[in-house]
Amino acid sequence: MNLPLSSAPLSSPSPDDETGVRTELTATAGKLVPILAGQAQESERLRRVSDDAARALREGGMFRLGTPRVLGGFGAGVRTSMEVTAELARGDASAAWIANIYTGGGLVASLMDERARQEVWGQDPDVAVAASLTPSGSAATAENGDLLVSGRWGWASGIDHAGWVALAIAPGAPDRPPVIALVPVAEVTVEDTWHVAGMAATGSNTVVADQVRVPAHRTLDMGAVLAGAYGTRYEGEPRNAVAIASMLALTVVAPMLGMARAALDLTLDTAARKPMSLTVYERLADSPSVQLAVADAASLVDTAQLHAYRAADDLDQAAAGARQLTVEQRTRVRMDTAVAAIRTREAVDRLVSVCGASTFALANPLQRIWRDLGTASRHGVVNPDLAREIYGRTLLGIPEQPTFII
C-alpha cells in the first residue's frame, strides 16, 4: 500500500502550511481506518499491533508525525497530531495509541544533538521512537563519558515496531535530575508483561537494559526538557520550544476522542436497525429514551473535543509566538486533558447502555472500544482528581504542586 504523502524535507511551517499538512494527514488517516479496523481483532489477539496494521501506519506516514521536517518528517503541531491520531482511533485505538507514542518519542529525540538525530532518521524518516519516561533504572559513567544504562522500564507501548526507545533514568543522587537516554531497540530486551483487559494491542511491554552504552550526544537532562531549555536548539522547529510535559499529557487523549466518535457511529447504525427488546419499539431509534441518550453522548463527545483542541491550540499558538505558556495556562491544559478523558468515557458508557447486552459479544467492536477507553482514560497523566488539584492550586495562588508533569 502506498499512500500519497510527500517525504521531502520541509521548512518551518506557516499557519497555512500546517493547516494543509493537517488536512492531508487526516485524510490519509481516514483511508487507514478500515484497514486498522480489519486488523483490530487480530492485533488484540497478538497483544501488539499486527504487522499488517503497522505496515499501513508506516506507509501512510503515521510514524513520522514527530520526525523533524528537515529530516523528511512532518514535525506536526499538537492540533495536527491530535486530529490525525483521533482519526486513526476510529479504526483501532491501539494502533492510534502507538502512533501517538511515536510522535511523542520523535519529539523527545528531535531535541537531541544533531548526531543523534542523524543516527535515528538520517537514513529513514519513518523510523519509530518508542518511549518510557517514568524514571527508573540506573546509569554509571564510563571513562569516556558514555553512560552504562541498566534497569527495567515498563509500559513501553509500541516497542515491537520501534527502532529506538527513549528511557528516563532515575537520578543517582538526590541533587541530580533524571536523564533521558536514547537507545536502539536492538540493544535491549523486551519482557512480555502486558496482559490487560483494555488497550491490549499496544504491546506495552517491559524494556530491560543491561550495561547498554549510551554516548553523551544521545542523552538529555530531563529537567531541562520539561523546562523547555532545548527548545531553541534548532531553528524552524517551534513545537520543541513549548511545554513538552503539557504536550505529552494532552496528546494521550487524542485516541480517546476517536474511540468515542467510533462508538457514537456504531450506536447510531445499531439504533437504526435493532429493535428494543421487550418493548413495542421496532427500532432503538424510535425510543425517546434512546434519542435523549445519544444526544447526551454526542454532546459529551463534543465537550471532550472542545476542551482537548482548545488546549492544543493554546500550545500551538505559544509555539508560533516562540513563548512559553504560563503556569496557569499549563495547569489549565492538564485540566482540559482530564475533562476530555472523562467526558469520552461517560459518552461511551451511555452508548453501551443504549445498545444493550449484545454489545458484549466478542465480535462487536463496541465492547473493545468500551474496554480500551476504560483503560486509556485511567492513564496517570489524565487523572481527573489530580488535574483538579493542580488547577485549583494554581487558581488559589499555591505554588507547590504534587507533580512535575505540568
Side-chain angles (χ1 to χ4, degrees), residues 12-15 18-19 22 66 75-83 85 100 103-104 106-108 110-111 131 133-135 168 177-178 180 220-254 256-257 303-343 379-406:
S12 180
S14 69
E18 181 70 19
T19 299
R22 182 184 308 158
V78 183
R79 177 73 179 261
T80 295
S81 66
M82 290 186 70
E83 289 199 25
T85 306
N100 178 62
T103 303
L107 175 61
V108 171
S110 73
L111 301 176
L133 298 181
T134 299
I180 298 175
L220 295 169
D221 179 319
M222 190 168 181
V225 169
L226 296 176
Y230 294 100
T232 58
R233 178 172 261 184
Y234 298 103
E235 185 178 355
E237 297 182 22
R239 71 199 175 103
N240 292 0
V242 179
I244 190 170
S246 299
M247 287 188 206
L248 296 179
L250 174 64
T251 54
V252 165
V253 305
M256 304 178 208
L257 299 175
T303 297
Q305 183 171 299
L306 288 167
H307 277 273
Y309 291 159
R310 174 179 74 171
D313 289 342
D314 285 347
L315 289 163
D316 281 339
Q317 288 165 12
R323 59 180 174 81
Q324 289 286 351
L325 296 180
T326 65
V327 172
E328 182 170 340
Q329 288 171 325
R330 295 203 307 273
T331 58
R332 192 179 79 170
V333 169
R334 280 297 303 269
M335 189 70 201
D336 282 343
T337 301
V339 169
I342 294 305
R343 296 298 171 260
H379 190 287
V381 297
V382 299
N383 183 324
D385 291 331
L386 181 61
R388 291 163 62 201
E389 180 182 348
I390 291 167
Y391 192 36
R393 280 175 174 268
T394 299
L395 292 173
L396 292 167
I398 301 171
E400 298 83 8
Q401 289 289 0
T403 178
F404 61 88
I405 305 297
I406 297 174

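Taking the salt bridge (charged side-chain N to carboxylate O under 4.0 Å, His left out) definition, one finds that Arg233 meets it with nothing, sequence neighbours left out. A search for side chain to side chain donor-acceptor pair (under 3.5 Å) contacts involving Ser246 returns nothing, not counting sequence neighbours. With sequence neighbours excluded, the residues forming a side-chain contact (heavy atoms from CB on, under 4.5 Å) with Asn240 are Leu107, Ser110, Leu111, Glu237, listed by chain and number. The side chain to side chain donor-acceptor pair (under 3.5 Å) check on Glu328 picks up nothing, with sequence neighbours excluded. Arg323 meets the side chain to side chain donor-acceptor pair (under 3.5 Å) test with no other residue; sequence neighbours excluded. Every residue two or more places apart in sequence or in another chain was checked for a side chain to side chain donor-acceptor pair (under 3.5 Å) with Thr134, and none qualifies. A search for side-chain contact (heavy atoms from CB on, under 4.5 Å) contacts involving Pro384 returns Ala338, Ile342, not counting sequence neighbours. Among residues two or more places apart in sequence or in another chain, the side-chain contact (heavy atoms from CB on, under 4.5 Å) test is passed with Ala224 by Asp221, Ala229, Tyr230. With sequence neighbours left out, Arg332 forms a salt bridge (charged side-chain N to carboxylate O under 4.0 Å, His left out) with Asp314. Every salt bridge (charged side-chain N to carboxylate O under 4.0 Å, His left out) that Asp313 has, sequence neighbours left out, goes to Arg79. With sequence neighbours excluded, no residue forms a salt bridge (charged side-chain N to carboxylate O under 4.0 Å, His left out) with Arg239.
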Intermediate values then yes/no, side chain to side chain contact (heavy atoms under 4.5 Å, CB included), Val253 and Met82: CA-CA 8 Å; Val253 305; Met82 290 186 70; 3.8 Å; yes

Worked check of side chain to side chain contact (heavy atoms under 4.5 Å, CB included) between Thr103 and Thr251: CA-CA 9 Å; Thr103 303; Thr251 54; over 6 Å; no

Criterion side chain to side chain contact (heavy atoms under 4.5 Å, CB included) on Val108 and Ile244, from CA distance to verdict: CA-CA 9 Å; Val108 171; Ile244 190 170; 4.2 Å; yes

Side chain to side chain contact (heavy atoms under 4.5 Å, CB included) between His307 and Arg343, intermediate numbers included: CA-CA 10 Å; His307 277 273; Arg343 296 298 171 260; 6.0 Å; no

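The line from CD of Glu389 to OG1 of Thr331 is 12.0 Å long, rounded to the nearest 0.5 Å. Distance check: Thr80 OG1 to Arg22 CZ gives 3.5 Å after rounding to the nearest 0.5 Å. The CZ atom of Arg330 sits 10.0 Å away from atom CG of Leu315, with the distance rounded to the nearest 0.5 Å. Annotation: the span from Met256 atom CE to Asn100 atom CG amounts to 9.5 Å, rounded to 0.5 Å. Atoms CZ and CG, from Arg388 and Leu395 in turn, are 12.5 Å apart once rounded to the nearest 0.5 Å. Taken to the nearest 0.5 Å, the CG atom of Leu220 stands 10.5 Å off from the CE atom of Met222.
The minimum heavy-atom distance between Gly104 and Leu248, with the atom names listed, is CA-CD2, 3.8 Å. When every heavy atom of Leu257 is checked against every heavy atom of Ala308, the shortest pair comes out as CD1-CB, 3.9 Å. Closest of all the heavy-atom pairs between Gly223 and Pro177 is N-CB, 4.5 Å. Contact record, Val78 with Ala312: CG1-CB, 3.8 Å, taken as the closest heavy-atom pair.
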Please tabulate, one pair per line, all N/O donor-acceptor pairs under 3.5 Å involving side-chain atoms of residues 399-406, not counting sequence neighbours.
residue: Gln401; atom: NE2; partner: Ile390; partner atom: O; Å: 3.1
residue: Gln401; atom: NE2; partner: Thr394; partner atom: OG1; Å: 3.1
residue: Thr403; atom: OG1; partner: Ile405; partner atom: N; Å: 3.1

